[in-house]
There are 2 protein chains.
Amino acid sequence: MSTNIDFIKQLGDLALASRLKRLSEKMLQDVSLAYKEQSIDFEPRWFTLFALLKERSPLSIVDIAKTLGVTHPAINQIASEMMKKGLVKASSDKKDKRKRLLTLTPLGESLTPTLFPIWQDIEQAAQKLIFETGVDLMGVIDKLEYGMEQQSMFSRIQEQTRQRWQNAVEIMEYQPVFRAHFKSLNLEWIERYFEAEEADIRILSNPESEILDSGGHIFFARLDGEILGTCALIKLDDKTYELAKMGVTEAARGKCIGNKLLAAAIEKAKSVGAELIYLETNSRLSPAIHLYRKHGFVCIPFDAHHPSEFQRADVRMQLDLTATQSPQVQERCLR
Amino acid sequence: MSTNIDFIKQLGDLALASRLKRLSEKMLQDVSLAYKEQSIDFEPRWFTLFALLKERSPLSIVDIAKTLGVTHPAINQIASEMMKKGLVKASSDKKDKRKRLLTLTPLGESLTPTLFPIWQDIEQAAQKLIFETGVDLMGVIDKLEYGMEQQSMFSRIQEQTRQRWQNAVEIMEYQPVFRAHFKSLNLEWIERYFEAEEADIRILSNPESEILDSGGHIFFARLDGEILGTCALIKLDDKTYELAKMGVTEAARGKCIGNKLLAAAIEKAKSVGAELIYLETNSRLSPAIHLYRKHGFVCIPFDAHHPSEFQRADVRMQLDLTATQSPQVQERCLR
DNA sequence: CTAGAATATGTAAGCACTTACGTAAATACT
DNA sequence: AGTATTTACGTAAGTGCTTACATATTCTAG
């Protein structure tokens, strides 16, 4: 029953996991057959536990599970099977009454001379198979395991997704048709966390006169034709701009839209010769503060004698554009 | 919960299957997480079926199972889940009423634009991970699959076992202490399949005078101190020997003991300058005949005018030692 | 020294496959 | 044409793990 797996091959790296699974299942099946053929009453899944107990025992259930990289119920189940066969026995730890310590029974120990030869056969068969591939397969598996330990497959996929989203997001400067978006995107977060103040309404209703006419800029993030985020750069003087009115719609969070908007604003400020970007925010907006930090903004003292235009402001930050950006910050912002 | 898997590594190639299994399980888990994180209602195990139906449909259950290398109940279960979600629909084949043909529903088709991007993310994440190993992993898996298709892991293990047994078997020439073994080993098979004849009793009871004194040889196979098989070489004339009285005890069949005994006998005959080995046997002893064939013996006509000493003889074979042995025969005998 | 957190274990249920087996339809073989 | 075999499929139960949860100890911080 040889199956034609060309289709699976054609799926490429996507089917990696499926193929590895099938491969391992077939191997374990064959090993099981080999035991049966020599009428050895031993299951392949007992092997790691047996080998571990042979080398160091007694060991507690959880210790074993950790060492073998499986969950403790798995060990529990395997151990109870082996106990039924009389290969393993359990005793409770004198010092820690929760622990149940496993050891091989004399019968278990006495099985070794029977098992050892067939293990050698299995190992050599595997070795020859691996040799045919011309690759140090165990080394490759080591590297795969190491790579996944460093960064899980899940996190790697996430990273790809973030990158894709970021590439798809388009940053644009203000156009009159975006006026309504500028207002609604900002009211969304203001009304969610605070209350709209008089200054909010004035600025959001008249972005041209309040921001653009005095030399400021407003940016919009568009994804698949939809405007999902905005932020403004208000000119304070020739060397100083204020970052304000940054908002990303709830549904589009996690797509790094804020990241890209902020990067665009900083880029623009640099290109028009600014030396400092200043901003006011609220301590409750920790994701925003985290984003500012990521881009190099640092907190400055909140001087109560110099009150903000906004009641909600309780944090002030700034970014010194004359300082050379640290490589770490640059790298972070690409994520 | 990073587990310290040094112990597993130490097991080497023996733990290959376990490690592959754990690796694939972790990957599939992470892929499942990635779907969930993007709130995509899709299970990793649907993937191959979905991709296959997308490319070519309709397809019957068994066809799909074969193409994807799993059993048909697996497809049945996956399909019924996907049908519950409205992604797949079934229709019966007009030509063959046994068949149930699967296709994607329009809803299923419409899922593609959602799925495609995340598949790309997964593929690229896998690609990067593989790249870190510095090896063409898919190529290696191809080779492993091909290698196991050529010869299953089971058969490879068997081969190793046979080789090990063969190496452990020790061939010795006659010593007086072996006289009883010579008799019992032969009576075992003679009485099982036939009846001991007068000539049997005479030869088995007096091997020295009947075989050795006239220039013959008797060989014994010993494994772990036990005598498990024997065979004799009777001198007919300076250039011709007869192979006879070959017997391996029932319990030790399958350990290639006969193979090694026969090889030793042929070797001895060559070394004493024989040009032909002749033998008589019975057609019911097909394993023995197969063994003789393996070593290059060929059947010769059974000339009834020239009767055998034994009633049971109905097959005559011979091996021409002057002919150069074909490489195939040589290779076969090493197995 | 004591409440709450952490740890070790057991048990149940779930999951993604498998094997085993039964039925219906198609095909092969006289 | 009629019977035996093969093929397609469904269903039930098994397998070897997992997650989820309950319970008993031990540790730890105030």
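Letters A, B, ... mirror the listed sequences (proteins, then strands); counts begin at 1.
- With sequence neighbours excluded, the residues satisfying side chain to side chain contact (heavy atoms under 4.5 Å, CB included) with B:Ser91 are B:Leu101.
- Here ring pair (Phe, Tyr, Trp, His ring centres under 6.0 Å) pairs that include residues 48-99 of chain B, with residues two or more places apart or in two chains, are B:Phe42-B:Phe50, B:Phe50-B:Trp119.
- Taking B:Glu109 as the reference, B:Lys54 meet the salt bridge (charged side-chain N to carboxylate O under 4.0 Å, His left out) condition, with sequence neighbours excluded.
- A:Asp63 is linked by a salt bridge (charged side-chain N to carboxylate O under 4.0 Å, His left out) to nothing, counting only residues two or more places apart in sequence or in another chain.
- Along DNA chain D, the nucleotide nearest to B:Ser60 and the one nearest to A:His72 differ in position, and the one closer to the 5' end is contacted by B:Ser60.
- Residue contacts shown for B:Gln29 are limited to sugar-phosphate atoms, with no base heavy atom under 4.0 Å away.
- Residue pairs meeting the side chain to side chain donor-acceptor pair (under 3.5 Å) criterion with at least one partner in residues 95-107 of chain B, sequence neighbours excluded, are B:Asn76-B:Arg100, B:Asp96-B:Arg98.
- Residues A:Lys21 and A:Asn76 both approach DNA chain C. Their nearest nucleotides, taken by heavy-atom distance, put A:Asn76 toward the 5′ side.
- Here chain B contacts DNA chain C (any atom closer than 4.0 Å to a heavy atom, that is under 4.0 Å), and the contacts span C:dA16 to C:dA26 from 5' to 3'.
- Sequence order on DNA chain D of the closest nucleotides to A:Arg45 and B:Pro73 puts B:Pro73 first from the 5' end.
- When the P atom of D:dC17 is taken as reference, atom CG of B:Leu28 falls 16 Å away, rounded to whole Å.
- Among residues at least two apart or in separate chains, there is no ring pair (Phe, Tyr, Trp, His ring centres under 6.0 Å) pair with a member in residues 9-34 of chain A.
- Neither side chain, A:Gln150 nor B:Glu132, offers a donor N or O lying under 3.5 Å from an acceptor on the other.
- The CZ atom of B:Arg22 sits 15 Å away from the C1' atom of D:dG16 (whole-angstrom rounding).
- Straight-line distance from the CD1 atom of A:Ile61 to the P atom of D:dT25: 16 Å, rounded to whole Å.
- Atoms CD (A:Gln77) and P (D:dT19) sit 12 Å apart, rounded to a whole Å.
- For A:Glu55, the side chain to side chain contact (heavy atoms under 4.5 Å, CB included) partners two or more places apart in sequence, or in a different chain, are B:Phe7, B:Gln10.
- With respect to A:Leu53, the side chain to side chain contact (heavy atoms under 4.5 Å, CB included) criterion is satisfied by exactly one of A:Leu102, A:Thr48, A:Leu87: A:Leu102.
- Following rounding to the nearest Å, B:Leu23 (CG) and D:dC17 (P) show an atom-to-atom distance of 16 Å.
- When the local axes at the two ends of the helix from C:dC1-D:dG30 to C:dT30-D:dA1 are compared, using 5 base pairs at each end, they differ in direction by 20° after rounding to 10°.
- Sorted by first then second residue, the ring pair (Phe, Tyr, Trp, His ring centres under 6.0 Å) pairs that include residues 123-151 of chain A, not counting sequence neighbours, number zero.
- Partners of B:Ser110 by side chain to side chain contact (heavy atoms under 4.5 Å, CB included), not counting sequence neighbours, listed by chain and number: B:Leu107.
- Among the atoms of the strands shown, only primed sugar atoms or phosphate atoms (P, OP1, OP2) are found under 4.0 Å from some heavy atom of A:Ile78.
- Sorted by residue number, the members of residues 79-101 of chain B with any non-hydrogen atom under 4.0 Å from DNA chain C read B:Lys95, B:Asp96, B:Lys97, B:Arg98.
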